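Just so it is clear, the model here is predicted, and its values are computed rather than measured. Numbering of ligands and ligand atoms starts at 1, following listing order.
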Amino acid sequence: MELRRIAVLISGTGTNLQALMDATRSGRVPARIVLVLSDRAQARGLERAARAGLPTAVISPKAFESRQAFDQALDDRLRAAGAELVCLAGFMRVLGRELVEAWAGRMLNIHPSLLPAFPGLEVHERVLEAGMPVSGCTVHFVTPEVDAGPVIVQGIAPVLPGDTPERLQARVLEVEHRAYPRALDLVVRGRVRIEDERVVVRDERPGERLVLHPLLARWMEP
Ligand code: GAR
């Protein structure tokens, strides 16, 4: 199968980038990362990419007068790299409508909650405040409305007694690292289409779009 060309956009640690690098390198997901781009030169994920020999780029919004100019520079760089799909992996900037629409159906994002619940920032704090017994993550197509596009895969993690935002975040990250490669796999294999603003998966097996945290999986065993 021909490898699809992926760009990964990051702002921070890049553990999701790592999961995507591992899944593509091993051949589990038929894709190749052709660019890792950050809006912050200090993003630790850039080191991961460089160590793996992947091309990296930094485009800082500070270098541009408007968001539109920043978005344009981003788009130019993505196209120059020959990217076919874009994965936002902890990329902490909101992209403008024009850029998002140019990449409609070809730009994915991961968010650390079970969308449509808890869009936005400080997710784990709000999940704990609301007393939710479960949380998780969502991989979705990016649309101009933030954290609202069609859902491809979700991962579920339990909230445990005594959780702090940091502990919950770590548990949710574990399912993120399995959910993102799963979602990318469905997309690069051409099994996903968007119909009435929802994702439809060809030959979907029950539970294929759901990832359970290992604790949940164990509790649910017969
Ligand atoms: C992840 O938890 C991701 O879901 C979140 O940032 C973290 C990045 O971690 N993304 C958002 O909140 C987007 N709104 P990573 O750099 O280790 O992959």
Are any of the heavy atoms in [X] under 4.0 Å away from ligand 1?
{"X": "Gln169", "result": "no"}
{"X": "Ile110", "result": "yes"}
{"X": "Gly45", "result": "no"}

Give the residue, atom name and distance (to 0.1 Å) of the protein heavy atom nearest [atom].
{"atom": "atom 12 (O) of ligand 1", "value": "Pro112 CD, 3.4 Å"}
{"atom": "atom 9 (O) of ligand 1", "value": "Asn16 ND2, 4.1 Å"}
{"atom": "atom 16 (O) of ligand 1", "value": "Gly14 N, 2.7 Å"}
{"atom": "atom 17 (O) of ligand 1", "value": "Thr15 OG1, 2.5 Å"}
{"atom": "atom 14 (N) of ligand 1", "value": "His111 ND1, 3.7 Å"}

> Which part of Glu176 is near ligand 1, with near meaning a heavy atom under 4.0 Å away: side chain, backbone, both or neither?
Replying inline: side chain
> Can you tell which of Val8, Thr15, Leu20 makes a side-chain contact (heavy atoms from CB on, under 4.5 Å) with Tyr180?
Replying inline: Leu20
> Do Asp147 side-chain atoms and Gly120 backbone N/O form a donor-acceptor pair below 3.5 Å?
Replying inline: yes
>> Testing Arg106, Arg4, Arg5 one by one against Glu84 for a side chain to side chain donor-acceptor pair (under 3.5 Å), which residue passes?
In response: Arg4
> How does the hydrophobic cluster around Val146 look, that is, which other residues are in it when side-chain heavy atoms under 4.5 Å mark a link?
Replying inline: Val94
> Just which atoms of ligand 1 are under 4.0 Å from any heavy atom in Gly90?
Replying inline: 6 (O), 8 (C), 10 (N)
>> Using side-chain heavy atoms (C-beta onward) and a distance below 4.5 Å, is Val151 in contact with Pro116?
In response: no
>> With a 4.5 Å cut-off on side-chain heavy atoms, are Trp219 and Pro158 touching?
In response: yes
>> Go through it in stages, so that I can follow the logic: the residues are Glu101 and Arg97, the test is salt bridge (Lys or Arg N to Asp or Glu O under 4.0 Å), and I'd like the CA-CA distance, side-chain angles, deciding distance and then a yes or no.
In response: CA-CA 6 Å; Glu101 284 178 352; Arg97 173 178 289 273; 2.9 Å; yes
